[in-house]
Every structure is written in structure tokens, then in C-alpha cells.
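Chain identifiers are assigned alphabetically (A, B, ...) following the order of the sequence lines, protein sequences preceding nucleic acid strands; residue numbering begins at 1 within each chain. Because the structure is predicted, anything quoted here is derived from the model rather than measured.
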Amino acid sequence: MFVKGANFNVKQIADSGQCFRMNLIEKDKYSLIAYDKYLELSQIDDETVKLSCSEDEFKDIWIDYFDLNYDYGKIIQLLSDGEDPFLRKITDFGKGIRILQQEPFEAMISFIISQNKNIPAIKSCIEALCSRYGEPKVSTVENNNTYYAFPTPYALAQAESTDLLQLKTGYRDQYIIRASQAVMEGLIDFNYLKKCDSTEALKVLKSVHGIGDKVANCILLFGLHHIEAFPVDVWIKKVLEEIYHNDFPLEKYDGFAGIVQQYMFYYMRCCPDKSFG
DNA sequence: TGCCAGGGATAAC
DNA sequence: GTTATCCATGGC
């Protein structure tokens, strides 16, 4: 089926570092595994994306996954009309990005793995984790190909440390196991964390061994849809230092700071011409 | 080869 | 409260 509308760019989303199971298949065409489903997306033109799913599946899963009920145009207009020249530039550069609503558990484990790794390494580690602990599935999209769902909390709570080390998790093995156990035990309740305010949710997430400020904010933003969350990694830190001299007025973007953060991240990672200012 | 990566825990100041 | 050190490993 086809999705029409501005501010939905598959390449920009795939390269925005939110999810790690979205990959280029051929020019303008990407595969994605999420919510136990396999999906292919093709960018037909600036305002058209083709999805390989049925309309029912689109309504059930992907419309929320891609946050298609949220008006990004309004935020983009606001930033484009603002007085900050850097924000005007990066908003124009990344205006096809959307904040994904990923499965909270997948976001939690993925961003625990992400620490001190680059994106290609994160991707291969997560793929290894999925093929080892995830449920095998068969897609009807193309050639009945087999893929693996993201592992359940139950599966990872019982994982062996030595086994995880073979999947290149490095020193994060116990982080993964203990976080999964916290979910199984109900110490982490994603439904509650979605509903409560982000300060409270941040505190709860950081109570898990291996989840610090940055990872917790990524879980908030990409798994719990707290779009006010503002994760600061090495790239964002660079923006805050080099562009704003550590005086970025975050409070001006209250309520949607996470979107601004994504424009910053995507620009820093992907703009071929990073002439600042 | 050495440095960096969507960091965090812990020890040491 | 803030800073230094260590962690395991792939990517480039």
C-alpha cells in the first residue's frame, strides 16, 4: 500500500540511529523488522512511500510505529520560522525523520548494547542476538524468507553470560540479563513508564544496572514515546559545545526536544558539508 | 595501528 | 559533587 504525505523519508529514518534493524536492500528500498513483522519500504517520491503490508497491518502497527498521526509539519514550521540559524538548517536537512514508537523492550536492550559501540557494530550485535534468542518467522513478502523476531524478556532473562559474550556483547552481558530479569519481575513496567511523567520514568529506568542517563533517555524517546526526552551522546555533546558553547536553550523546545535532538544527530552523522553556523 | 564508537560503574579526588 | 579509569570489541 501507499502512504502519501510530506515529512516521511525512509532513508532519513533509517540513518537516524533510532532503530538498528532497518537496512538498505536496493536504491530507495529498505527492509525493517519490528513487532515480529517484516516490512519493506520504498521511497517512490518526496511525498510517497510504498509499504509491503496490508492496510490492516498498517493500521495495527505501522501507523503508530512511524508516528504518522503526529503533525511534524507544525514543529518544522516552528523551527523554520525561528531565530536559530543552525536549527533552521538542520530542520531542513532532516525534515523527513519521524520519532519511531519501537517496542520498549527492544529499545531498552538495543540501547544498552549501543553504549561505546558504533552503529554498524550495534547492528551486527543485535542481529546476532536475534538469531540466537529470537523466534524464527517466515515472511510472505518476498520468497518466504526467514527472519528472527527480537528476543522476549523471558528468553534474555535466562541467557547465559558466556553465550552472550560469543555474540560480541562485550562487558554488557550482565546488563542485558539483569535488565531482562527486571522486566520479568515487574520492576520495569513499560505501560506505567509510558503513562507517567518522563522525570519519574527516567528515574525508574536508571535504577537498572547498566542504564545511565543517555541510554534511559533513548528508551524514553524511541521506546516510550516521551518526545520531550533529549538524549546526549558524543555527537550531541559536540553540537552543544561547538555550536552553542554549552548554552543551548533547551527550555525553548519543551515538549518536543527529542525531535530537535534527532535533527541534530542526523545532521552531524550524515550531512556531507558540516559547515557550522 | 591506533583511535573512536548513540556510556556506565566504580574508585579516587 | 566532579573527574579518572576500566570495561570488550568491531569498524575504519
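- Nucleotide C/dC6 holds its C1' atom 10 Å from the OH atom of A/Tyr175, rounded to whole Å.
- Residue order along DNA chain B, read from the 5' end via each residue's closest nucleotide, puts A/Asp233 first among A/Ile211 and A/Asp233.
- A straight line from NZ of A/Lys206 to C1' of B/dG7 spans 12 Å, rounded to a whole angstrom.
- Rounded to a whole Å, the NZ atom of A/Lys237 is 14 Å from the P atom of B/dC4.
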inquiry  = Does A/Glu160 form a side-chain hydrogen bond (donor to acceptor under 3.5 Å, both in side chains) with A/Thr162? I'd like the steps, not just the answer.
reply    = CA-CA 6 Å; A/Glu160 292 289 341; A/Thr162 52; 5.0 Å; no

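- Each of C/dA8, C/dC12, B/dT10 was ranked by its minimum atom distance to the side chain of A/Asn116; first place goes to C/dA8.
- The main-chain N or O of A/Leu193 is found under 3.5 Å from a side-chain atom of A/His226 such that the two form a donor-acceptor pair.
- Among the protein residues, A/Phe222 comes within range of the nucleic acid bases, having at least one heavy atom under 4.0 Å from a base atom.
- Closest approach to the A/Trp235 side chain among C/dG11, B/dA5, B/dG8 is made by B/dA5 (side chain taken as heavy atoms from C-beta onward).
- Across all strands, A/Ser110 comes closer than 4.0 Å to no nucleic acid atom at all (heavy-atom distances).
- Among the protein residues, A/Gln174 comes within range of no part of the nucleic acid, since none of its heavy atoms lies under 4.0 Å from any strand.
- Atom CD1 of residue A/Ile227 and atom CG of residue A/Asp67 lie 7.0 Å apart, to the nearest 0.5 angstrom.
- Heavy-atom distances to DNA chain C give each of A/Ser124 and A/Gly170 a nearest nucleotide, and the one nearer the 5′ end belongs to A/Gly170.
- Applying the 3.5 Å distance criterion, the base of B/dG7 shares a donor-acceptor pair with the side chain of A/Tyr171.
- Two residues, A/Cys218 and A/Val208, neighbour DNA chain B, and the one matched to the more 5' nucleotide by heavy-atom proximity is A/Cys218.
- At the heavy-atom level, A/Gly210 lies under 4.0 Å from the strands shown only through sugar-phosphate atoms.
- The separation between A/Leu165 atom CG and C/dA8 atom C1' is 8 Å, rounded to whole Å.
- Judged by distance alone, with hydrogens and angles left aside, the side-chain atoms of A/Asn7 form a donor-acceptor pair with the main-chain N or O of A/Lys95 at under 3.5 Å.
- When heavy atoms are screened at a 4.0 angstrom cut-off, A/Ile236 is found touching base atoms of the nucleic acid.
- Atom CD in A/Gln115 sits roughly 15 Å away from atom C1' in C/dG10 (whole-Å rounding).
- We find that CD1 of A/Ile176 is positioned 14 Å from P of C/dA8, with the value rounded to whole Å.
- In this structure, A/Lys123 atom NZ and C/dG10 atom P are separated by 18 Å, rounded to whole Å.
- In this structure, of C/dG10, B/dG8, C/dA8, it is B/dG8 that holds the atom nearest to the side chain of A/Val215.
- Note on A/Asp213: only backbone sugar-phosphate atoms sit closer than 4.0 angstrom, heavy atoms only; bases stay farther off.
- Across the protein-nucleic acid pair, A/Lys117 atom NZ and C/dC7 atom P stand 16 Å apart, rounded to whole Å.
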